[in-house]
Each structure stands twice: as C-alpha cells, then as structure tokens.
Amino acid sequence: MEVNKIMVIGAGQMGTGIAQVFAEAEFDVILYDLEEEIVKKGLNKIAKSFHRQVEKGKMTAARKEEVIKNISTSTLLQSAKNADLIIEAVIENIAVKSKVFKELDKTAPEHTILASNTSSLSITEIASATNRPEKVIGMHFMNPVPVMKLVEIIRGLETADIVYEVIEELTKKLNKVPVEVNDYPGFVSNRILMPMINEAIYTLFEGVATKEAIDEVMKLGMNHPMGPLTLADFIGLDTCLYIMETLHSGFGDDKYRPCPLLRKYVKAGRLGRKSGRGFYTYT
Ligand code: 3HC
C-alpha cells in the first residue's frame, strides 16, 4: 500500500493545516472544497503560513515556492480518482460525514484509504457508510496542525491492521507522533480535554472567578500553554459544544452535560476567535 497522493476534503482551519504538513513532507496534495473561493482562500492561508516561516528564516523563499507547488486545488469530488489516501475534515456532523464517505467510496480507487479527522464521532459509524470499512480510519490532528506533534489514530471496528500500520508510518513521515486509540466517544483527547473546558465554563457560570482568573490559574498553576477559556475560543465554541453533546449522548452520563453558558454563547453567535468574540474579544 504505497501512499503518494493525498486528497484533503474541506479547506477550513484543520483541512488547510493538514494539506500544509503533507505538502511540506513532499506528498502531492489535492485540497478540495465545494467552492472555488473557499479553496483559493485555503491555499492563500497556507501560502501566508509558509511566508511567515520565510520571514523568520526557517524556510528559504525558493523552498516555499517548491512546497506550495505540491498542492493543487479542486472543487470536484471526482479528483478522488487520483488519491491513495483521502482525509476528510468537514464539519462535525455525522450525516454530512456519512454522505461524504459514501460519495468518496463510489469514486475513489479500491486501494484508497479513507480517513476522517473527526474529533469525537464514531469511526465505525462513518465506515458503515462505505463498502470498505476495513480501509476507514480516524486521523485526528490537533490545532494548530503545523505545530502540534500528536496525531490520534483511531481504529474503527473493522479497520484492517495493515491500514493502521500504513497510517502510523505516514504520520511519522510528517514528523508527528502517532498514538493508537480505540473508537469511543471523544476518543482519548477530547474525552479528557472537553470536560475540563466545560468545567472551566461552569466555574465562570457559577461566579467562582473571572474568566481571566480561571485562565491564569490553569496557565500558571498547571503549566498549560493557554487557559481553558482561551483554548475554547481557539478551538471554536460551536465545536466544543458539539463534542460535549457527543460525549453526553454517547455515555449518557450527566457529568458530560454542556454548560448552559456554552449553549448561550453559541446561540448568540459568539463562537470564539473565528467569529471575533467568544469569552474574549478578538480584533
Ligand atoms: N499555524 C502555524 N504555526 C503556528 C500557528 C498556526 N496557526 N500558531 C502558532 N504557530 C507557531 C508560531 O509561528 C511559532 O513558531 P516558531 O516557534 O517557529 O516561531 C510557534 O507556533 C509558537 O507560536 P507563538 O510564539 O505565536 O505563540 P505561543 O508560544 O503562545 O504558541 C500555540 C501558540 C502553539 C497555539 C500555543 O499557545 C499552544 O500550544 N496552545 C494550545 C494548543 C492546543 O491545546 N491545541 C489542541 C486543541 S484541541 C484540538 O485541536 C482537538 C480538536 O478536536 C478540538
């Protein structure tokens, strides 16, 4: 199973980060999204990120030009015909992801591995939308993708050992660290991270301390790079809520109940950094 050509479905925050790291590792990347404008914006974001590296002296201008050439863009799902590995990074919605996988299964060659960057949804359920569940796997990158070392690799019920091994090796080629986990709501990363963030929001909701104080306690007291409320804004409050709901329904335990304040902010459109306002305001 040789993997040379990668297709990334979704040119949002995670999709562009994933395309960037594969391009830097000399893979041919097709960045796909529904509209031309979205893929162009995604490619621009990647170019800017390379440009910052050039400015910092971490990449030469010539190398930047070389690496960016590794990425082509597409708005046609038929481009899947040319991919050895497809990584889906669309919104966290099981119906949308299942539809995408069903389409990809029809179009992609038989050998193609279909991976999902889902942060909490069942790989087994996503795989059931295809006729190749043994070639479906979770490849959960962390945000910001170019910086974070971890890739959580999730085995679905039917994922073949050889597919796991190929993805594990590939992750190492990206200079990242693969960690194997089983398919369970939130896997390991978000099962532990999200209840901490949710608890920080309850702490604010119950008036125990200000948002700045809560973040300061966790930053300075636990050596976290960001306080939990800053991190929630960074991830996106809609994403945090969605993952908490997946944990809550998946485990059926009230300890995963999303904080009402989180729901309120999402309803108000205060989604964090991406909307300009969450717990904090961004200009
Ligand atoms: N893209 C590329 N590079 C970036 C970047 C981005 N979006 N953001 C920061 N960087 C780079 C900077 O260029 C800098 O690189 P350099 O050392 O080569 O100069 C380096 O990262 C450090 O950045 P800064 O100096 O600007 O800022 P910080 O030192 O504060 O680091 C941070 C920023 C890396 C984001 C750090 O605050 C951090 O690690 N935060 C926690 C991130 C985290 O927990 N992510 C996981 C979220 S959960 C998740 O993704 C799962 C999902 O399912 C919800």
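Since the model is a prediction, treat every value here as computed from it, not as a measurement. In listed order, ligands and their atoms are each counted from 1. Positions are given from 1, in the same order as the sequence printed here.
- Within a 6.0 Å sphere centred on CD of Glu35, heavy atoms belonging to other residues, nucleotides or ligands number 12 at most.
- Listed as neighbours of ligand 1 are Lys56, Lys58, Ser119, His140, Met142, Asn143, Pro144, Pro146, Val147, Met148, Asn190, Leu193, Pro225, Met226, Leu231, Ile235, each bearing a heavy atom under 4.0 Å from the ligand.
- For Lys264, there are no salt bridge (Lys or Arg N to Asp or Glu O under 4.0 Å) partners at least two apart in sequence or on another chain.
- Of the N and O atoms on the side chains of Glu158 and Thr124, not one donor lies less than 3.5 Å from an acceptor on the other residue.
- Residues satisfying the side chain to side chain contact (heavy atoms under 4.5 Å, CB included) criterion with Ile91, sequence neighbours excluded, are Asn93, Val96.
- With sequence neighbours excluded, the residues satisfying salt bridge (Lys or Arg N to Asp or Glu O under 4.0 Å) with Arg155 are Asp161, Glu180.
- A cation-pi contact links Lys211 to Tyr280, judged by a cut-off of 6.0 Å to the six-membered ring centre and 45° from its axis.
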